[in-house]
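Report on the following structure.
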Amino acid sequence: MPTAASWTSRSARSATDRWAEAHRAVADVGHLLRFRAATVRRRGTAAWLLLGFAALTTAAAVVPAYTPGAGGEGRAFDLLVLLPTALAGFLGLAIVSAVASGGGRELVARDAAAVLPLSPTTDHLGALALAPLNIAWLLQAWLLLGTTAYALGPSGLLAAQVVVLLWLAAATAVAQVVAWTFEGVRRGHHGIAGVRLLTLTLLGLALGLQLADALVSVLDQLPTRRLVLGMIAGFGGTWAATVAALLVLLLAAIALGAVPAHIAARRTPRDEARVESGRYVAGRLPGSDLLALVRTDRGSVWRAVPMRRGIAVLAIGPGAVALLGGLPWETMTVLPGLVASGGALLFGVNAWCLDARGGLWRESLPVAPGTVFAARAWVLTEFLLAASAVTVLLAAVRAGVPSVAELTALVCTVVVVTVQVVAAGMRWSAQRPYAVDLRSARATPAPPLTMVGYSTRLAVSTTLTGLVFSGLARVPAWEVSVLVAVPFLCWSLARLVRAHARWVDPVDRARVVMTVAG
């Protein structure tokens, strides 16, 4: 007669099932990556892009070691002392990025994945695979590799860079665990309020430590000091122990991340569901077609979960860092470009995807195409200006009273980079539209490689512009900043006018609308 299975057989079967699921998840990620690679429109460009990033990574890890002063007692030693803080900073950046995106980026869109038998483990591994395809991640990784190379010089470089590469992988995996845990908590009862309270508490704690002049002491006690000690020891017992510890941490974090990923998958995303099922009181009829379109676009942007989360991180994150570090006014001109370029990556580089199938309905309205373009560009502009204003206000708390030249340079920077980014976003939106569902907090407006290209171009242009006005902030005559801003604005406005002409062309507009509606 039948008998119940013993606890040993149940545990063995459970372990076997978990191993089979993990094996299946790894295979599924491989299939999905090949599927995504097959959908790349310009495979030659993508291949050259990947080769370029590999070359830049190699150069960042090797070239600084052979520059004058590398491995010496001056600036190189100072960078070596700061290396534990830099390693911890990378972990913090990875955590913030993953938490803001609700567990990491999607390898396959939510609606498309609904018909596929993909487990949360597959989703977790896919998000890990996409983590390096982020310009912030890449820049921080290159900075760490370059700093290590310059601090140590050619001696022991290979051993040190192996430790750095393992730390990049392990920190990304740990950040994924934290992000899935936050997402599981956020989807629980009162989870949204709890996550917000915890975030404010951490920010308040960091600010309190800075005001008490205790932040440096805390940073000096970080566990990453042991990584640096193992890094500089060269090939030997200490280095081997450090590498082994990082490998164990990496594998443990990859395996552990599947647990909160399963918990989050079983819970309803409350913030997304609240947006889709909420009730909104109709306002009074606007006085013009433009105002009506602006109100519609503004609602679609500010009600979207990824927009709200992303803009909060972009606005508060750089401002909080500037507040903690006491950034001076002449250096503050770099922040608006950083915030504006990041804000455009939330939706501005593919602005028409907000309409989705609604674009077909919008095209049936008796409204001039130029008015539709003006409304979308206006909403993107005010979105970027709002984020930049919050960042500047936070940074200004400890910056003191600015001079007229410094204030003028900062205002000119905000205006110039905003128009730059809006012109670039509206141009790319018409040139390369994509059908994307931005209801999910983990969605991006374009494929991963395309997003890397967009973010690189935006970061370079806005950073250079910020550096120009940073120099002008030191010039006593404030009129110089205004005069320099004029050609910048004329160039960006001319590109915006060309993007407008492209949109009003019926053939190009039909191509864009049918693409995003697909």
Side-chain angles (χ1 to χ4, degrees), residues 275-276 278-312 314-315 336 339-390 414-430 433 436-439 443 445 489 492-506 508-510 512-513 515-517:
V275 170
E276 296 180 4
R279 295 182 179 181
Y280 305 98
V281 179
R284 293 187 298 177
L285 188 66
S288 66
D289 293 341
L290 177 61
L291 293 178
L293 292 173
V294 166
R295 188 171 70 179
T296 302
D297 290 344
R298 187 181 293 144
S300 64
V301 169
W302 289 103
R303 291 171 186 168
V305 175
M307 312 304 176
R308 292 205 306 268
R309 288 188 190 175
I311 205 64
L314 285 171
V339 175
S341 58
L345 294 173
L346 296 176
F347 78 96
V349 295
N350 188 22
W352 305 110
C353 72
L354 290 172
D355 296 333
R357 295 182 179 90
L360 300 175
W361 165 79
R362 186 187 286 267
E363 281 299 300
S364 67
L365 298 177
V367 180
T371 306
V372 177
F373 182 92
R376 190 61 51 90
W378 175 264
V379 171
L380 177 58
T381 301
E382 67 179 17
F383 184 76
L384 301 181
L385 286 176
S388 298
V390 173
V414 172
V415 175
V416 168
V417 297
T418 300
V419 178
Q420 272 184 340
V421 171
V422 170
M426 298 306 293
R427 186 175 73 256
W428 293 335
S429 298
V436 180
D437 181 10
L438 289 182
R439 292 179 299 166
L489 289 174
S492 298
L493 289 173
R495 303 180 83 179
L496 188 60
V497 169
R498 288 199 296 269
H500 174 272
R502 187 164 190 164
W503 170 255
V504 298
D505 180 81
D508 277 341
R509 189 170 67 258
V512 173
V513 172
T515 300
V516 299

On a heavy-atom basis, which atom in [X] and which in [Y] lie closest, and how many Å separate them?
X      : Y      : value
Arg284 : Arg295 : O-NH1, 2.7 Å
Val516 : Trp352 : CG2-O, 3.7 Å
Ala517 : Leu360 : CB-CG, 4.1 Å
Ser492 : Ala423 : O-CB, 3.4 Å
Pro286 : Leu291 : CB-CB, 3.7 Å
Ser388 : Val339 : N-CG1, 3.8 Å

Spacing of Thr418 atom OG1 and Leu385 atom CG [to the nearest 0.5 Å]:
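Those atoms lie 4.5 Å apart.
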Rounded to the nearest 0.5 Å, how far does CG of Asn350 lie from CE of Met426?
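Answer for the CE-CG pair, Met426 versus Asn350, is 10.5 Å.
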Please examine the side chains of [Y] and [X], heavy atoms only from C-beta on, and report whether any two atoms are closer than 4.5 Å.
X      : Y      : value
Leu354 : Met307 : yes
Leu346 : Leu314 : yes
Asp297 : Arg362 : yes
Arg509 : Val372 : no
Trp302 : Ile311 : yes
Arg498 : Arg427 : no
Val422 : Phe383 : no
Trp378 : Leu293 : no

Among Leu380, Thr296, Val379, which residue satisfies the side-chain contact (heavy atoms from CB on, under 4.5 Å) criterion with Val301?
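So, applying the side-chain contact (heavy atoms from CB on, under 4.5 Å) to Val301 and each of Leu380, Thr296, Val379, only Val379 qualifies.
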What verdict does the side-chain contact (heavy atoms from CB on, under 4.5 Å) test give for Phe347 and Val436, after you've listed the backbone C-alpha separation in whole Å, the side-chain angles of each residue and the deciding distance to 0.1 Å?
CA-CA 10 Å; Phe347 78 96; Val436 180; over 6 Å; no
Would one find more than 12 heavy atoms of other residues, nucleotides or ligands at under 6.0 Å from atom CZ of Arg357?
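Not buried by this count: 12 neighbours or fewer within 6.0 Å.
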So, Thr381 side chain and Val419 main chain: donor-acceptor pair closer than 3.5 Å or not?
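No; judged by distance alone, with no hydrogens or angles, the pair does not exist.
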